[in-house]
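Chain identifiers are assigned alphabetically (A, B, ...) following the order of the sequence lines, protein sequences preceding nucleic acid strands; residue numbering begins at 1 within each chain. Values below: every heavy atom of this structure, side chains too, minus hydrogens, waters and symmetry copies.
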Amino acid sequence: MSDTPSDTRKPGGRESLDFLREIVKRDTLSGAYGGRVATRFPPEPNGYLHIGHAKSICLNFGIAAEFGGCCHLRMDDTNPETEDMAYVESIIGDVRWLGFDWGNKLFFASDYYERLYELAVRLIKDGKAYVDSLSEDEIRRHRGTIMEAGRDSPWRDRSVEENLDLFARMRSGEFPDGAHVLRAKIDMAARNMKMRDPLLYRIRHASHYRRGDSWCLYPMYDFAHPLSDAIENITHSICTLEFENNRAIYDWLVDNLFPEPRPRQYEFARLNLDYTVMSKRKLLQLVEESLVSGWDDPRMPTIAGMRRRGYTPEGIRLFADRIGVDKANSRVSMELLEDAIRDDLNARAPRVMAVLRPLKVTITDFPEGKVEWLESPYWPRDIGKEGSRKLPLAREVFIERTDFSEDPPADWLRLAPGGEVRLMNACIIRCEEVVRDTATGEVTELRCVHDPDSPGKPPGGKKKKKTAAIQWVSAAHAVPAEVRLYDRLFTVPDPEAAEEGKTFKDSLNPVSVEFLRGCLLEPGLANASPGERFQFVRHGFFIADAVDSRPGIPVFNRIVGLRDAYARRIRQRADSLLTGPSRIG
RNA sequence: UGGGGAGUGGUGAAAUGGAAUCACACGUGGCUCUGACCCACGGUUUCCAGGUUCGAGCCCUGGCUCCCCAGCCA
């Protein structure tokens with residue numbers, strides 16, 4: 001793993017352990033597994049990994065690392081109809097990108113098919129499993145309900161010989177899909193529905209992405225998963241809450257087929273993030289219906305999407321660390337994720353200047369044709385890093401349109417008619433004249449004068465800050481660029497909880513991305529390499545898009561905006577203006 | 001109505017019978033050539049009702065609310 005500063009920034013230094021680490025610590029101390037710790041991350045290769053998986057990955061790999069154990073990466077590939085090598089590759093890439101290493105412990109449940117089959121045979125021989133020949137529908141009806149016990153299948157008491165024979169013929173391809181299944185003989189009246197003779201194997205005449213047509217008999221998750229854990233000598237099998245009921249099967253199978261010390265399953269609450277969806281099915285739907293540009297759309301909560309968006313592995317790990325882990329269903333706010341990303345980027349993204357919505361400024365007392373190259377540090381004082389570049393100042397520059405106001409509020413620190421502002425790393429200018437389009441009235445240019453002595457000068461002994469320092473670019477030197485501003489994908493915190501007659505797609509945010517074309521960047525950014533991250537001062541953190549950006553024609557994605565206390569204040573003022581007066585009655 | 005889980009400020013988590021703590025968010029103030037970062041201060045008294053105890057978020061009893069389980073998905 002890594003030892004970047006971000007990793008050590010655990011809340012409260014983490015003296016206290018979460019319930020999972022507590023269990024692992026207990027087992028380590030008691031020598032339950034001879035001090036050994038082995039976890040595993042077991043994705044099914046039928047979709048892309050998302051931030052919810054990242055939580056699980058950080059947990060499993062994190063715990064293994066902290067206790068000197070190892071974490072296996074295992075593809076839980078037991079369903080030939082949905083799985084694909086492309087997903088395996090994306091999963092491997094994503095886990096690696098997150099910064100984790102499984103050494104030579106990459107496994108596939110599909111490699112265990114033969115051993116699993118033998119274990120099933122053993123169960124049959126022990127009279128603990130039987131071939132059921134009921135139809136799918138009959139099986140459902142025999143299962144009963146949560147209130148009524150199920151009924152035994154008429155095939156439940158077949159002889160061992162007959163079961164063995166049937167099971168072998170199921171494997172050899174003699175029967176069509178659905179003709180028979182193998183079930184554990186447990187208890188059709190069990191109060192835990194999962195224990196009513198769970199299905200272990202089903203016939204599927206389907207090509208498997210790894211095993212081809214060598215099998216037409218496939219194990220169910222409930223059978224393959226615990227036994228794969230046992231085969232790999234996993235000690236702590238960590239999964240999400242919805243598998244709590246499945247633990248009974250897990251224990252039943254492993255107890256019946258493996259000696260102590262055997263793996264045990266523990267469950268934690270999966271991650272829910274506000275303003276996004278986390279189910280593979282819904283994510284797939286967004287992709288297939290072209291509601292997003294793909295699995296790596298920067299708005300997607302997928303690892304691929306976050307990577308393209310510019311999130312860092314360190315930031316994501318910091319997030320996972322901060323949210324902790326528990327058994328209570330929870331819903332985490334986006335701010336927690338964004339702050340972790342910012343926290344990480346703050347220390348590693350050099351500051352540069354970009355004007356997203358340009359407004360022309362002519363410095364009338366600046367000689368025509370003159371260019372002044374000004375030393376500009378990449379880092380603010382408090383970061384304590386070295387490095388700078390020279391920025392050209394000329395007669396015509398562009399500033400942010402939002403940094404000028406004709407009718408500013410009392411606490412305005414930026415430019416206004418007759419007012420002053422600091423061009424960051426350069427001089428102070430004063431606005432003498434506002435030029436506007438005669439037809440539309442729109443402000444098209446500001447004519448300013450500058451204080452030639454102001455570059456490099458200290459604030460001048462002023463106690464209280466009276467003007468802002470704003471970003472700017474020289475008109476003649478600026479690099480045009482496209483900048484994409486990403487926002488939350490949905491307009492409601494919990495899109496999955498759609499009301500009657502609606503779906504999660506009804507709450508899709510219509511303005512979740514804004515493409516800005518006429519942006520102007522400082523000259524050095526022309527050759528930003530794809531994947532390179534910067535802070536555009538006073539805007540946020542940005543990354544040169546890995547797919548669309550190229551030298552000379554940069555395209556930047558906003559990773560995350562900077563906090564903006566002023567914008568917040570303005571918003572609140574607007575709100576109180578709206579609600580205030582109407583409340584008088 | 002059965003079984004399995006869970007309830008601590010707005011959000012996520014600590015506190016393992018001994019002064020409710022941390023992070024994010026929010027508010028106020030300070031610092032600042034980023035209205036960023038950073039610093040300081042502020043708001044909960046632990047789902048409810050009883051009980052045990054010198055002492056309860058932790059233990060007991062009874063409620064309430066929410067989540068999961070009736071796929072040949074995982």
Side-chain angles (χ1 to χ4, degrees), chain A residues 9-16 18 22 42-44 46 76 78-79 81-82 132 135-136 139-141 143-150 177-178 180-181 183 190-196 199-204 218 220-222 224-225 239-248 267 269 271 274 280-281 321-340 342-343 346-347 351 353 377 380-383 411-414 422-426 428 454 456-459 465 467-471 535-540 561-569:
Chain A
R9 233 173 331 199
K10 296 185 175 184
R14 171 157 290 163
E15 308 117 16
S16 63
D18 57 64
E22 204 66 67
E44 185 193 11
N46 69 345
D76 234 339
T78 55
N79 184 352
E81 288 168 331
T82 57
D132 195 355
S135 72
E136 186 170 349
I139 287 178
R140 196 191 333 279
R141 285 201 302 265
R143 186 143 38 215
T145 69
I146 52 173
M147 293 306 292
E148 312 158 41
D177 288 5
H180 308 282
V181 291
R183 302 180 72 173
R191 286 189 293 198
N192 176 355
M193 297 288 295
K194 287 271 148 80
M195 292 296 271
R196 321 252 257 227
L199 275 62
L200 270 23
Y201 271 93
R202 78 288 212 188
I203 299 170
R204 277 282 170 288
Y218 292 93
M220 301 284 292
Y221 164 85
D222 278 325
H225 187 82
C239 66
T240 44
L241 249 29
E242 67 268 29
F243 293 104
E244 275 177 320
N245 295 326
N246 302 247
R247 189 175 64 235
E267 310 86 13
L271 170 66
D274 277 352
K280 276 190 200 171
R281 212 197 96 251
D321 216 51
R322 285 181 178 174
I323 57 174
V325 57
D326 199 6
K327 296 193 72 153
N329 290 311
S330 60
R331 177 155 280 286
V332 174
S333 62
M334 212 46 126
E335 281 88 354
L336 213 48
L337 210 208
E338 293 185 340
D339 187 75
R342 265 192 224 109
D343 201 340
N346 182 47
R351 317 294 136 120
M353 294 205 281
R381 242 172 245 301
D382 57 297
I383 298 295
D411 56 355
W412 186 252
L413 300 177
R414 287 111 100 158
R422 151 87 61 184
L423 295 183
M424 199 178 284
N425 298 315
I428 289 169
S454 56
K457 264 195 186 169
K465 183 172 182 174
T467 61
I470 65 171
Q471 68 273 28
Q535 182 191 108
F536 291 179
V537 288
R538 303 208 306 138
H539 278 302
L562 254 26
R563 282 177 56 191
D564 189 344
Y566 186 69
R568 207 187 308 136
R569 214 186 309 159

> What residues form a ring-ring contact (aromatic ring centres under 6.0 Å, His included) with Phe243(A), not counting sequence neighbours?
Replying inline: Tyr221(A)

> Side chain of Leu199(A): nearest nucleotide among rA23(B), rC72(B), rG35(B)?
Replying inline: rC72(B)

> For Arg568(A), what residues pass the side-chain hydrogen bond (donor to acceptor under 3.5 Å, both in side chains) criterion, not counting sequence neighbours?
Replying inline: none

>> Checking Asn246(A) now: which residues fulfil side-chain hydrogen bond (donor to acceptor under 3.5 Å, both in side chains) with it, not counting sequence neighbours?
In response: none

> Does Arg351(A) have a side-chain nitrogen or oxygen under 4.0 Å from the phosphate oxygens OP1 or OP2 of rA36(B)?
Replying inline: no

>> At less than 4.0 Å, is any side-chain N or O atom of Thr78(A) found next to OP1 or OP2 of rA74(B)? Yes or no.
In response: yes

> side-chain contact (heavy atoms from CB on, under 4.5 Å) with Ile383(A): which residues, sequence neighbours excluded?
Replying inline: Asn346(A), Arg351(A), Trp379(A), Pro380(A), Lys385(A)

>> In whole Å, measure the gap between the P atoms of rA14(B) and rC59(B) for me.
In response: 15 Å

> Does Arg569(A) make a side-chain N or O approach to OP1 or OP2 of rG27(B) shorter than 4.0 Å?
Replying inline: no

>> Suppose we screen for side-chain contact (heavy atoms from CB on, under 4.5 Å). Which residues come up paired with Glu242(A), at least two apart in sequence or across chains?
In response: Thr240(A), Arg270(A)

>> Can you see if the side chain of Arg143(A) gets near the phosphate of rG71(B) - specifically, an N or O under 4.0 Å from OP1 or OP2?
In response: yes

> For the pair made of CD in Glu136(A) and P in rG71(B), what is the distance, rounded to whole Å?
Replying inline: 9 Å

>> Can you tell me if Arg204(A) touches the phosphate of rC72(B), counting only side-chain N or O atoms and a distance under 4.0 Å to OP1 or OP2?
In response: no

> What string of B, S and - do you get for nucleotides 2-10 of chain B, 5' to 3', if B is base contact, S is sugar-phosphate-only contact and - is no contact with any protein heavy atom under 4.0 Å?
Replying inline: BBSSS----

